[in-house]
There are 2 protein chains.
Amino acid sequence: MMCEACDYVKMLQSHGLDPTPLREAVLRSVGQESRPLAAAEIMAAVRSRMSINKVTLYRILGLLVEKGLVKRLSAGDRAFRYGMGETRHHPSHPHFLCTECGVMECLDPELLPVDIKKCRGKGKRVIKHVDVRFEGICERCAKVDTE
Amino acid sequence: MMCEACDYVKMLQSHGLDPTPLREAVLRSVGQESRPLAAAEIMAAVRSRMSINKVTLYRILGLLVEKGLVKRLSAGDRAFRYGMGETRHHPSHPHFLCTECGVMECLDPELLPVDIKKCRGKGKRVIKHVDVRFEGICERCAKVDTE
DNA sequence: ATCTACATGCAACTAAGTTGCAAGCCAGAA
DNA sequence: TTCTGGCTTGCAACTTAGTTGCATGTAGAT
């Protein structure tokens, strides 16, 4: 979820994380995008401005996820996507995965059709959250296909 | 989805697949379970009765998925789960993943809260299907935790 | 000056799945 | 019968995404 208003340094500090250049760059890369990114995409984004090691990236992502600043999404393929965590400004929302090009997009939170409360309490299992993923062909791929 | 009524040999044949012993065993292993299985679980199930190679298993699973007999589900971790494909008797349904033990369970189709038709036509992307996954702690793990 | 904690990097490893190629088998053609 | 082509299976090597172990660097505390 794009967010120019976010102060990444403050976000890191308020979660007890030293705002190192790499952490800030990783969080910024995720925050500036309008869609969740795969680790490889984040790495490319960070590397366009500074040097970062694969392991460091994964460790930073792990930290950010642990603190809730970033959310790790399963994409239906074997690579996770990383998007901004939920806040007032970024409410929980479903995602769309293009099965042709693998790009994941965020959908309107209004589209999230699940009343999680209705689902809790059925049986004794504890439901923590729901993950709704639509799959199909994205606009770009659909256009290319019909050309 | 458990199904004692299914005739696995006929299912294979009606989809143009030679009903070899291994294919039948794989399909049966998936069909007899009440929850989607990871490839490693299917392999263990098949191997309890006959010998099968990893590659052969994945190839058979690939075939079954291609024919729609089996559905490949993303579990939120990096391993796919395989469950029976949708039919009249096995309608589309949401799943539950225990983040503690990794077991995936099938939920009541009634719980699938998405009206896929409402979502089509928004924008120009093509939506093929929805994947709804609840995450939390399963009954077994919840019980162990409170002991 | 040294000690400790944390941040980062490099190399090696892991898990899940895939690819390439060879061997076995069976049906139909010659 | 033998030969052929096509399918099914197996083995080894590879790939991708991510993880672990260990070494180095750097900053602040003692």
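Keep in mind that this is a model prediction, so the values were computed, not measured.
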Counting heavy atoms from C-beta on, name the nucleotide in D:dG10, D:dG18, C:dG9 closest to the side chain of B:R78. D:dG18
Candidates D:dG18, C:dT8, C:dA11 - which lies nearest the side chain of A:L22: C:dT8
What is the distance from CG of B:L27 to P of D:dT8, rounded to the nearest Å? 15 Å
Distance check needed: C:dA16 P versus B:D77 CG, whole Å only. 8 Å
Looking at every strand, decide which applies to B:A40 at a 4.0 Å heavy-atom threshold: base, sugar-phosphate, or nothing. nothing
A:L61 CG to D:dA17 P: how many Å, rounded? 14 Å
It should be established whether B:N53 places a side-chain nitrogen or oxygen under 4.0 Å from OP1 or OP2 of nucleotide D:dC11. yes
Can you figure out which of D:dT20, C:dG17, D:dG18 approaches the side chain of B:A39 most closely? C:dG17
How close or far is atom P of D:dG18 from atom CG of A:L73, stated in whole angstroms? 12 Å
Verify whether one side chain among B:R133 and A:S74 offers a donor that lies under 3.5 Å from an acceptor in the other. yes
Give one of base, sugar-phosphate or nothing for A:A38, where a contact means two heavy atoms less than 4.0 Å apart. nothing
I want to check a possible cation-pi pair here: A:R72 against A:F80, using under 6.0 Å from ring centre and within 45° of the ring axis as the test. yes
Between A:L22 and A:T56, is the side chain to side chain contact (heavy atoms under 4.5 Å, CB included) condition met? List the steps. CA-CA 9 Å; A:L22 286 181; A:T56 306; 3.9 Å; yes
Is any N or O donor-acceptor pair between the side chain of A:R59 and the base of D:dG18 shorter than 3.5 Å? no
Judged by nearest nucleotide, the residue sitting upstream toward the 5' end of DNA chain C, A:L17 or B:K54, is A:L17
Tell me: CG of A:L63 to C1' of C:dA5, nearest whole Å? 14 Å
Of the listed nucleotides (D:dG21, D:dA17, D:dT9), which one gets closest to any side-chain atom of A:V55? D:dG21
Any salt bridge between A:E41 and A:R35, counting N to O under 4.0 Å? yes
Within this structure, what is the CD1-to-C1' distance between A:I52 and D:dG25, rounded to whole angstrom? 16 Å
Grab the CD1-C1' distance between B:I60 and D:dG10 for me, whole Å please. 12 Å
Honestly, is A:R125 close enough over B:F96, meaning NZ or CZ under 6.0 Å from the six-membered ring centre and within 45° of the axis? yes
Would you indicate, yes or no, if C:dG17 has its OP1 or OP2 atom less than 4.0 angstrom from a side-chain nitrogen or oxygen of B:Y58? yes
Would you mind telling me which of D:dT9, C:dG9, C:dT18 lies closest to the side-chain atoms of B:T20? D:dT9
How long is the line joining CG of A:L37 and C1' of D:dG18, in whole Å? 17 Å
For A:R23, which contact category applies under a 4.0 Å heavy-atom criterion: base, sugar-phosphate, or nothing? sugar-phosphate
